[in-house]
Amino acid sequence: MRMYDIIAKKRDGGVLSRAELEFAIGGYVAGTVPDYQMSALLMAIYLRGMTDEETATLTDVMAHSGDMVDLSAIAGVKADKHSTGGVGDKTTLVITPIVAACGVKVAKMSGRGLGHTGGTIDKMEAVPGTRTEMTQEQFFAQVNRIGLAVIGQSGHIAVADKKLYALRDVTATVGCLPLIASSIMSKKLAAGSDAILLDVTMGSGAFMQNLPDAVELARQMVAIGTANGRRVAAIITDMDKPLGHNIGNALEVAESMAVLQGRAPADLTEVCLQLAANMLVLAGKGTLAECRALAQKTIDDGSAFEKCCQMFAAQGGDVAALKDPAKLPQAAYSYELTAPADGYIVENNVERIGAASVSLGAGRLTKEDTIDPAAGIVLHKKLGDAVRAGESLATFHASDPGLFPVAEETYRSGLVIGPEKPAEPPLIYARVTADGVETF
Ligand code: URA
């Protein structure tokens, strides 16, 4: 077999076989297929696309390029979730304790933030003392004991994806649905859970900017999971507004704990309940209505918050900081960003809000950057809200006041105040399962 022929076949619109995909991906990981040939293949895939079956096979080959975690040492159904990324997206910290409090095991690997999107592991590490690395034995033991563990993704998961993603990043081939779907799902398949809920975000802060693309990505990921023997559903959620009001690691922990304690903004709580309910349905806990009631009950009776405290305690985290946000890292300086005029917020670009938060120290632009757990933004007004000139729209938090001007300029570059109230985006656009697409 020759890489040249595989590239030519895809260039001409052919469908690659398992043997050809194994040759290309295996060779790339082993170093026998050079970057220039893999780049050509990626571009051919970008331009020609892939069939569902081809994408499912590619994903399986990518998943098997590293460790396949065997969760059979953990009793019962194991559920996982994944978000395609956003700003203020703290749902993992909320819904995994809810689901675990309902008796479903969650053995989850999460990532760190990069660019304008945050990562669960950085958020967890904002809680003093929290460990996000452990051995597989410790990981399994914790899940068997308390039903929940969230740790950093091992470097040995879907090794091909790491190499391919870095190449896609520099060859203009990131924005290709079969490549995104296979990249995400290879890691999810390798992580070993039976039931996988995907949160596909859509809007100015997300990878997907319109509903047809978001539905198609969701459909492809559900098809991949189903073809590989997993129960998978996807919820398409709005990212034209950040989720909740807090952006930044410690700030997001505080807001997540508020959801678990039943004292958070209604929109954030609603999205979390819907995601948790869908995860519970996949885990076989009942109908959507029954699972929604189960999820709500864990907030009302305090069991979800208690489960979250158990997880942090097991991972060395200071539970007192979960109970009292004043004990989380606090920034030394704050700055109020005010409205320039009376009117409505008709545009508040979420990527710009995320970038402003990164420039305050809450995120990283390169993998090597360190983050400031206390830095971030608290939004007081969001897309669609009425504002008065001089009123505070957001409070910036940072350890260095010299960071405020750039953050302000970045934030304002995506902000438009106008006379008319814009149409509000819905919280949830659609639900995609193996049975089809339901739009709301
Ligand atoms: N997230 C991933 O893990 N991979 C992609 O290709 C895009 C988003």
Side-chain angles (χ1 to χ4, degrees), residues 21 25 28-29 38-39 41-43 45-47 49-50 54-56 58-63 65-67 69 80-87 89 91-92 108-122 152-193 196-210 213-225 228 230 232 234-237 239 350-351 354 363-367 432:
L21 288 166
I25 301 297
Y28 188 55
V29 171
M38 184 49 79
S39 303
L41 181 61
L42 289 171
M43 188 55 82
I45 293 172
Y46 186 101
L47 296 172
M50 288 187 127
E54 208 180 4
T55 311
L58 169 66
T59 310
D60 184 50
V61 171
M62 286 167 66
S65 67
D67 293 346
V69 181
D80 194 357
K81 58 92 53 180
H82 179 82
S83 162
T84 58
V87 175
D89 184 348
T91 59
T92 294
K108 179 158 176 53
M109 291 190 210
S110 281
R112 294 188 182 276
L114 188 60
H116 73 277
T117 63
T120 302
I121 293 303
D122 296 325
Q153 186 179 294
S154 123
H156 304 294
I157 292 286
V159 173
D161 177 59
K162 249 173 235 91
K163 230 182 143 183
L164 283 171
Y165 195 89
L167 191 61
R168 286 166 59 207
D169 212 16
V170 293
T171 54
T173 51
V174 167
C176 165
L177 294 185
L179 293 178
I180 297 173
S182 55
S183 164
I184 292 172
M185 290 304 292
S186 62
K187 291 171 282 207
K188 293 287 112 185
L189 296 183
S193 283
I196 304 163
L197 181 74
L198 302 163
D199 177 2
V200 177
T201 51
M202 185 193 118
S204 61
F207 253 104
M208 297 296 118
Q209 305 274 321
N210 61 64
D213 280 354
V215 167
E216 180 53 19
L217 176 62
R219 195 197 63 71
Q220 289 191 18
M221 292 196 290
V222 170
I224 291 168
N228 283 285
R230 312 296 170 93
V232 189
I235 307 298
I236 297 175
T237 59
M239 197 41 74
V350 176
E351 185 276 331
R364 18 175 118 65
L365 291 173
T366 70
K367 282 195 197 122
V432 180

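Ligands are counted one by one from 1 in listed order, and the atoms in each one are counted from 1 as well. For the numbers below, each heavy atom of this structure counts, side chains included, while hydrogens, waters and symmetry mates do not.
Side-chain contact of Ser83 with Asp89: a donor-acceptor pair under 3.5 Å is present, judged by distance alone.
Under the 4.5 Å side-chain criterion, counting only non-hydrogen atoms from C-beta, Leu167 is in contact with Tyr28.
Considering only non-hydrogen protein atoms, atom 4 (N) of ligand 1 sits nearest to Ser183 OG, 2.6 Å. Among protein heavy atoms, the minimum distance from atom 8 (C) of ligand 1 is reached at Phe207 CE1, 3.4 Å. Closest protein heavy atom to atom 1 (N) of ligand 1: Ile184 CG1, 3.7 Å. Nearest to atom 3 (O) of ligand 1 among the protein's heavy atoms is Lys187 NZ, 2.5 Å.
Atoms NE2 and OG, on His82 and Ser193 in that order, are 13.5 Å from each other to the nearest 0.5 Å.
Considering Lys108, Arg230, Lys187 as possible partners of Asp80, the one that fulfils the salt bridge (Lys or Arg N to Asp or Glu O under 4.0 Å) test is Lys108.
Interface of Tyr165 with ligand 1, defined as ligand atoms under 4.0 Å from a residue heavy atom, comprises 4 (N), 5 (C), 6 (O), 7 (C).
Using a 4.0 Å cutoff on heavy atoms, Val174 does not count as a contact of ligand 1.
Taking both residues in full, the closest heavy atoms of Val200 and Ala234 are given as CG2-CB, 4.3 Å, listed atom of the first, atom of the second, then distance.
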